[in-house]
Amino acid sequence: MNTIYSFPQPENEKVQTYEKGSPEREKIQAALTEIRDIVMEVPVIIDGEPVYTDDVMEITAPHDNKKVIARVHMAGKKEIEAAIESALKAKESWMRLPCDHRAAIFNRAAQLLSEKYRYQINAANMVCQSKIVHQAEIDAACELIDFLRFNTYFMSTIYSQQPNRTVSSVNRMEYRPVEGVILAIAPFNFTAIGGNLCTSPALMGNTVLWKPSEYAILSSYMFMQILMEAGLPAGVINFVPCAGPNLTDTAIKSGHLGGIHFTGSTGVFNTIWKQVANGIDGLKEYPRMVGETGGKDFLFAHTSCDRKALITALIRGAFEYQGQKCSACSRAYIPQSVYDEIKDELIEKVESIRMGSPEDFSNFMCAVIHQRSYNNIKGYIDRAKASDEAEIIAGGVCDDSKGWFVRPTIIRAKTPYYESMVNEIFGPVLTVYVYDDEKLDETLAICNETSPYALTGSVFASDRFVIEKMLKALTYAAGNIYVNDKTTGAVVGQQPFGGGRKSGTNDKAGSHLNLMRWVTARTITENYNPPVDHTYPHMA
Ligand code: NAD
């Protein structure tokens, strides 16, 4: 009581290496053994209580696609309505709880993730989302911990922004949460994103319905349990696996929709936006629409670039986590002279990539997430094989006999508008367009306008004038742009993340800008000396 707290800027969680012989390697292997033969029953959680429904969805491991790992109980309309009611009921006491108490819950969850549950949640992430240990560690452990810790710091920077005052009147801003409930709708590819989508509005005093992706269900459910262990009161975040359209439809019809915090594909966000627009007359407030959506992320190289760094950025950027990062490099523009120099080494390195189960630590890649995705990626590869406008120079092999495996593939496109230079594929497919060394300006213009997306990009050059020229030509082509680095790997607190155009509303997850969307400020002005005469001096 009667204290103004300060929240220091935290440090990023340290990434563990899992080298042979390290204690963390032993612990993750034990956690994998523990989880291996479990089929997790995953309930809906409403008002802090599990609810088991008759509508059950079975989830299999992507790299072992006949093996069921979870049975997800899906919420129907009745459960979604109950979750909305629970969120509305929890709201008043939650938003009035002093912010340091709210922060304490999420900081405690970060601590539990960092120590007690690090290996279990990483193992769940590896098995369910088919990630190698390094990819699981930077996602379910480090990025999620960073979101939780940094957001409490960003929260305090928002609350401390106050307007001017005079000696006779005081002004203050009260950062209220928005009035209705928030829907947090998550993609499969990052456990940390799902965790941030639901906790960032909650931290600011909102109450939430969290719809996890069924394809990330093990780690999402585990995180929900961690939040409850950390002291999250009932109803503040309701865990609602369900068919997405049911959720949005029910929330809109309730009239109590305060906002949607979405990450996923552009098509789905467009559908949701239209659904909200159609229901706007019945809503009590204009809901906050925050969406981070698709990408067609580029790497643009110049003749002055470092060849080795370029090859590494292409391979890591395009193929880590099977190219299933929204920031994955999926098109590259390479000058002819550079291409001639790097081609053989690039192909050799890509062909030598090891792929298989995440439990084999020598692998660099695992399987893609599900059959729909496998079929979509295979379609691009098959069409490239048959096309006169494209040539597969590496990979191109798909095999679904054991899991949804697609070899890392490089397509060389003969036109910069070939379909795989334009569309988001969301798999391990990189398309390269080789440009004439003399045509830098024209090719930069093509890169800027080829795709509807603008999420991430990178430029490779050592000539400073050229770097400046590239950044200028690509001003609106990406919300996160890297110079001489890969297109992926944004870190909370270091690279606030998000893109423009059809890549989203660019509200920068991992920064105060995102949290600002979850408040609706009230300005309170108190006059210590209110006037008692309505006339002005010049009137005398
Ligand atoms: P998706 O769009 O298929 O699904 C996202 C979520 O929306 C899931 O929970 C899904 O069940 C739900 N959903 C589907 N249809 C819905 C509807 N009509 N109404 C409400 N909810 C609905 O995406 P995904 O396959 O899970 O993830 C991959 C996509 O996410 C890619 O396009 C990728 O670029 C994007 N992504 C973007 C970012 C970013 O920061 N920009 C980050 C991660 C992923």
Side-chain angles (χ1 to χ4, degrees), residues 57 59 62 72 74-75 80 128-129 139 143 147 183-198 200 209-217 220 239-252 257 260-276 278-279 289-297 321-330 368-374 376-377 404 423-427 451-457 478-480 487-490 492 495-511 514:
M57 180 173 177
I59 301 296
V72 186
M74 304 288 276
I80 296 169
C128 185
Q129 286 137 280
D139 169 20
E143 189 175 3
F147 272 132
L183 306 183
I185 303 178
F188 77 84
N189 62 339
F190 277 92
T191 302
I193 292 180
N196 182 53
L197 290 172
C198 62
S200 61
L209 271 67
W210 173 22
K211 184 217 158 321
S213 168
E214 296 75 32
Y215 299 100
I217 203 68
S220 303
F239 182 76
V240 193
C242 63
N246 276 351
L247 177 69
T248 38
D249 186 53
T250 313
I252 292 165
L257 178 65
I260 295 186
H261 200 191
F262 174 86
T263 300
S265 60
T266 300
V268 169
F269 192 52
N270 288 352
T271 304
I272 294 174
W273 194 298
K274 287 176 204 160
Q275 215 184 346
V276 170
N278 286 333
M289 298 294 289
V290 176
E292 292 305 332
T293 57
K296 186 70 193 170
D297 311 301
Y321 190 37
Q322 297 82 261
Q324 298 173 122
K325 299 189 183 187
C326 50
S327 54
C329 174
S330 63
V368 300
I369 195 72
H370 46 43
Q371 176 152 33
R372 190 159 31 92
S373 178
Y374 175 85
N376 178 48
I377 301 164
W404 312 118
N423 303 340
E424 182 178 53
I425 302 174
F426 222 60
S451 129
Y453 303 105
L455 190 53
T456 74
N480 284 61
T487 56
T488 58
V492 176
Q495 290 96 19
F497 191 78
R501 294 184 182 159
K502 286 290 159 41
S503 286
T505 53
N506 200 11
D507 288 299
K508 294 286 186 243
S511 82
N514 178 277

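No experiment lies behind these values; they were computed from the predicted model shown. Remember, it's 1-based here, ligands and their atoms both numbered in the order they're listed.
Summarising the contacts of atom 35 (C) of ligand 1 with Ser503, Pro187, Gly264, the nearest heavy atom is found in Gly264. Across Ser265, Ala509, Ser327, Pro241, heavy-atom proximity to atom 23 (O) of ligand 1 is greatest for Ser265. For atom 6 (C) of ligand 1, the choice among Gly244, Gly267, Ala186, Gly499 with the nearest heavy atom turns out to be Ala186.
Between Lys211 and ligand 1, a contact under 3.5 Å exists for at least one N or O pair. The shortest N or O to N or O distance between Thr266 and ligand 1 is not under 3.5 Å. When only interatomic distances are considered, the shortest N/O to N/O separation between Thr271 and ligand 1 does not fall below 3.5 Å. For ligand 1, the polar-atom distance check finds no N/O of Gln275 at less than 3.5 Å from any of the ligand's N/O atoms. Note: no N/O pair closer than 3.5 Å links Phe497 and ligand 1 by distance alone.
For the side chain to side chain contact (heavy atoms under 4.5 Å, CB included) with Thr263, the lone residue among Val268, Ile193, Asn196 that qualifies is Ile193.
Within the 4.0 Å heavy-atom cutoff, Phe188 counts among the residues contacting ligand 1. Using a 4.0 Å heavy-atom cutoff, Phe262 is listed among the residues neighbouring ligand 1. For the pair Gly504 and ligand 1, no heavy-atom separation below 4.0 Å is found.
Closest heavy-atom contact between Asn189 and Gln324: ND2-O, 3.0 Å.
Of all atoms in ligand 1, numbered sequentially from 1 with element shown, those under 4.0 Å from a heavy atom of Ile193 are 42 (C), 43 (C). Counting atoms of ligand 1 from 1 in the listed order, those under 4.0 Å from a heavy atom of Asn189 are 43 (C), 44 (C).
For the side chain to side chain donor-acceptor pair (under 3.5 Å) test, residues two or more places apart in sequence or in another chain that qualify with Thr505 are Asp507. Residues satisfying the ring pair (Phe, Tyr, Trp, His ring centres under 6.0 Å) criterion with Phe190, sequence neighbours excluded, are absent altogether.
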Problem set entry | Candidate pair Phe262 and Leu183, rule side chain to side chain contact (heavy atoms under 4.5 Å, CB included), full reasoning | CA-CA 8 Å; Phe262 174 86; Leu183 306 183; over 6 Å; no

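Atom-to-atom distance recorded for Ser327:OG and Gln495:CD is 10.5 Å, nearest 0.5 angstrom. The structure places NZ of Lys211 at 7.5 Å from CD1 of Ile185, a figure rounded to the nearest 0.5 Å.
There is no protein heavy atom closer than 4.0 angstrom to atom 4 (O) of ligand 1.
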